[in-house]
Amino acid sequence: MAELSNQLMAFTVFAYLIAMICYAGEYAFGKRSVIGKAASRQLVGAGAPVIKQPTAPDGPVKPGRGEWSGRIAVAFTLLGFVLHLGTTVTRGLAAERMPWGNMYEYILSASLVGAAVWVGVLLRKPNLRHLGLFASLSLVVLLGAASLVAYTPVGPLVPALNSYWFIFHVSTIIISSGIFLIGAVPAAMFLIKNGYDEGKRSFPYTLAKRWPDAGALERLTFRLHAFAFPLFTFGALIAGPLWAEASWGRYWGWDPKEVWAFISWIVYAAYLHARATPSVKRTVATWIALLGFVTMLMNLFGVNLFFEGLHSYANAGD
Amino acid sequence: MTVVEDRPATADAPPPRRVNPLWALLRNSWRQLTSMRTALILLFLLAVAAVPGSIFPQRSVNRENVAEYFAAHPKLAPAIDRAFAFDVYSSPWFAAIYLLLFTSLIGCVLPRLRDHIRALRTVPPEAPKRMGRLPQHADGLESAQPAGETAVRVAATLRRKWFRVRVREQEDGSWTVSGEKGYLKETGNLLFHVALLSVLVGVGFGHWYGWHGNRLLVTGADQGFCNSLTQFDDVSLGPQVDASDLPNFCLKLTKFDATYQSTGQPKSYDATVAVSQNGGASESRSFTVNDPLRLDDANIHLLGQGYAPELKYTDRYGVSQTKVVPFLPVDGMLTSEGVAQFPDVNIDPKTNKRDDKLQMGFEGVFLPTGPTDGTARSEFPELNNPVLYLTAYQGDLGLDVGIPGSVYSLDRGQIDTGALKKIGGDRPYALKQGEKVTLEDGTTLEFVGVRQFATLSIRYDPTQFMLLIGAVLGLIGLMLSLSGHRRRVWFRVVPTAGDDARSSVIEAGGLPRTDYPGFGDEFTSLTRSLKEGTP
Ligand code: HEM
C-alpha cells in the first residue's frame, strides 16, 4: 500500500505538470486573438507538442487551439486531483491512521485541500480557468518539494500525536493552510492584472491580458482568506493550545512552530485590517496577504528544516 | 502686524480657549495611537519581533540549548543576551509592542462600543429624497392595497427577514419604510476584540498566579515525591505565588508501561501512580501522554521516560551502598547516558573519616537491548538484553564545592586536574543484569537491576479555562464579523393617483454599508418577494 501511494504520488505530480503545461499553452495560443497567438508562441516551448490536438468535433463554435489546450488542462487537473486523493488515502491506509503524522504527509494533505478548492472554483466559475497556470504550478512545486525534501517512510504516530485534539488541530490547520496557499494565487494575479490595467506592459503584466476583472480577483482573494482565517484561528490558537496543554502541559510555549503560526496569524489579521480600512489601497492589502503566504511557507518548510522544536512531525525526512 | 491689530479685538471679547500644547500633544498622540494605521504598524512590529524567538534558543523553552549556544558562540552570545535574544517573549521591547497594541486596541474598541450601542438604539433613518441615486433601485412595483396597508405589509416582510424597521407616514399621504440589518457584524467584531483583550489579560494573570516544575520520578516506593520546592528538579513560581501556596500531594510511581512498534518507535506510554492529596489516603491513578493526571490544584503531565539502573557498590571495608540512578536517553532506542556517584564510601570505620581520594564515580552508557556487534548503541528500546558499559573513577568527585553540577556526568574539571582518576584501564566494564565486577582495588560493583523512570511536568495555571472561553467567544465574534454585512433598504409607498387611494406604488432603494457583492441579489429577491406577496 505504501508503494502504491508513492507511485500514485509520482503520477499526481505528472498530471499536474501536464495540466500546467496545457494552461501555459492556453495562454500562449489564447482564445481569439491571432496576434496574441503569434506574439506569445515563443513563450510556450515545452507546451507546444501537447497542444497539437484534433479540433473539436462538437459545439457550434469551433474552439481554437488555446481553448482546447485549456480544456485538456482542466481534464488533467481533475485527473491529478483524483490521483492526489488516491495518494493521500493509500498513504493513510498504509499507515493505518490519518495521513498527517509528519511533514511529508502534512504537505500532501494541505495541498490536497488547496487542489480541492481550486477544483471547486473551476467547476463553479469556469471563466476563472486562467488561474490554472499558477494553481498547478503551486501544486507541482509543493508536491515536488514534499517528495524530494521531506519524504518520510510510513510509520505510526509517536504517542504525543495520539490524541483526538490532534485530529482537530491538524485537520483544521491543513484545510486552512490549503486555502491560504491557494488564496495567494488570485492575490498575485490581482496585483499583476492591476498593473496591466494601469498600463504596465512589461513581463509579467502582459500575462494578464485575458484574465478576469481585477475586482473579481481581489474579491476572490478576500473571500478565500476570510474563510480560512477563522478556521486557522480555531486550529492554531484554540485546538492547538488545547492539545498542547494535554500533551506538554502548557497551552502555549513559543515553540518555533507556534511562533510562526502566531506570525502568520498576525500578518493575516493585518491583511483583514488593511482591507477593511478605506485609506489603505487594495494593492497594499493584497501585498500583506502575499506576505502571509510567505510566512505560511516558512512554517511549512523553513521551520521544519531549520529549527528544532517539540513538534515531532516537524523533523524532515527521518 | 496682524498680531498687533488683532490684540484690541481680543481684549474685550472673551479670550479664545487656548489649547494647552501639552494637552494637544497628548490628544494627538492618542488619536495617532488608536488609528487603524498605527494598529497595522504595531501588528507588523509584533510579527517581526516574534521572529528572533524562533531563531535563537529560548530560556523559557529549553535552557540546555541556550547553554549550548553560549558554548558555541562565546563572543556573540553575551552580546545578544543583553538585547534579550534568549528571552524574546519576556523582553521589554516585546512587552512594549504588545502593550502599545493593547492600549491602541482599548482606545479603538471603547469608542466603537459606545457608537455601536448608540447605533443599536437609534431607529433606521428616513428614506433619502431621491432613491434613484442609491446603488440598488427599483421602481413602479404595484400594490393592490392602499399605501398605509402596503407599508405595514412591507414592514412585516422586512421584520421576518430580521431587518430593524421603521414605518413613517409623510405629510403628502405617502409612507416610507426604512430597514437596516447586519448589526451582528459590528457586534461580532467588538466581541472579537474584547475577547482578544480578555485573553491577553488572562495570560498575564495565569503567568502571575501559576507555577510549574519538572521532576524525574523513578518507579518504586522508595522513590516517592511530595510537592514542595526542594523536591523538584527545577521549578518556577509566578510572581504572586509563594512556596507555601503549593498544593499538598505526594506521588509514587508504581508502574510504567511502554509499548513499541517493531521499528522501535514508541506506541504508548502508561504511568500508574499512588497519589495522596492533603494527607489523605493514597489512591491509584493512571495517566498517559495526552491525558494528564488532573489533581485539585495541579496537573501532572507525562513528558518522557527512561531507565534507571540499580547499582550496588561494596567498598574496601565491606560496606555496601545501593543507588538507583536515572540515565538520560540520547537516542530513540534509549541508549542512555548517566553517572553513579558514591561520595560517602571507603570510610574507615576506625576513624569514621571520609577520604576524599577514595570517593567513587562510574560513568557510562546503559543499553536496554545490548547489540550483538559490540557497538555502544541500543538496538531496541525494550529491556531485551540490558547492558551497562561503565568506566570507574576514583578520587574527589568535586561535589562539595557548592557549584551545582550535572547529575548525569562527572565533573570534567576534577578529571582534568587529576583529582579524579580513571581506574581499571581504558576499556569500560561491561555488565549484564546481575553481574558483578571487581575493581583493581578489590571493591566491587554489582548491576542489581533496572527500573523505569518517567519525566513529569507539574503545572498549575488558574486562568486556563477562562482563556478557553475567551478564545471561543472571540472565534464566534470573528465569524460573525467576517460573514456579516451592514445594509439599509428603503421603500416609499405612494397612493396611486386617481384611484381613491385604493392601490399604491412602491419605490425601493438599497445601500450596502460594507463591501458586499451579494447585495444586488438580495435586493432583487426582496423586491420580488414584495411583488409576489401582493394579494
Ligand atoms: C491585537 C491585535 C488585533 C487583532 C489580532 C485584530 C484582528 C482583527 C480581525 C481578524 C479583524 C477582521 C474582522 C473583520 O474584518 O470584520 C479585525 C477587524 C477590525 N479591527 Fe482589529 N485586531 C487587532 C487590533 C485592532 C486595533 C488596535 C484596532 C483599532 C485601531 C482594531 C480595529 C479594527 C476594526 C475597526 C475592524 C473592523 C474592520 C471592518 O470594518 O471590517 N483592531 N480585527
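Note that the structure is a prediction, hence the values are computed from the model and not measured. Basis for what follows: all heavy atoms, side chains included, without hydrogens, waters or symmetry-related copies.
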Please determine, by modelled atom types, if A/R282 and A/N194 share a side-chain donor-acceptor pair under 3.5 angstrom.
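Short answer, no.
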Distance-only polar pair, side chains of A/T295 and A/W260, donor-acceptor under 3.5 Å
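Not at all, the side chains of A/T295 and A/W260 share no donor-acceptor pair under 3.5 Å.
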Selection from [options] maximising heavy-atom pairs under 4.5 Å formed with chain A:
options	value
B/I458, B/V51, B/T259	B/V51
B/H212, B/H301, B/R459, B/M479	B/H301
B/A50, B/A49, B/S457, B/S483	B/A50
B/Q58, B/Q464, B/R37	B/Q464

Positive for ring pair (Phe, Tyr, Trp, His ring centres under 6.0 Å) with A/F180, one of A/F232, A/F229, A/F293
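Exactly one pass, corresponding to A/F232.
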If I measure from the heavy atoms of chain B, does A/F234 come under 4.5 Å with its side chain, its backbone, both, or neither?
both
Which bit of [X] is near chain A, if near means a heavy-atom gap under 4.5 Å: side chain, backbone, both or neither?
X	result
B/L468	side chain
B/V48	neither
B/D461	side chain

Look at the aromatic rings of B/F94 and B/Y98 and report parallel, tilted or perpendicular, splitting at 30° and 60°.
perpendicular
For A/E218, what residues pass the side-chain hydrogen bond (donor to acceptor under 3.5 Å, both in side chains) criterion, not counting sequence neighbours?
A/R275
Under 4.0 Å between a Lys/Arg side-chain N and an Asp/Glu carboxylate O for A/E258 and A/R250?
yes
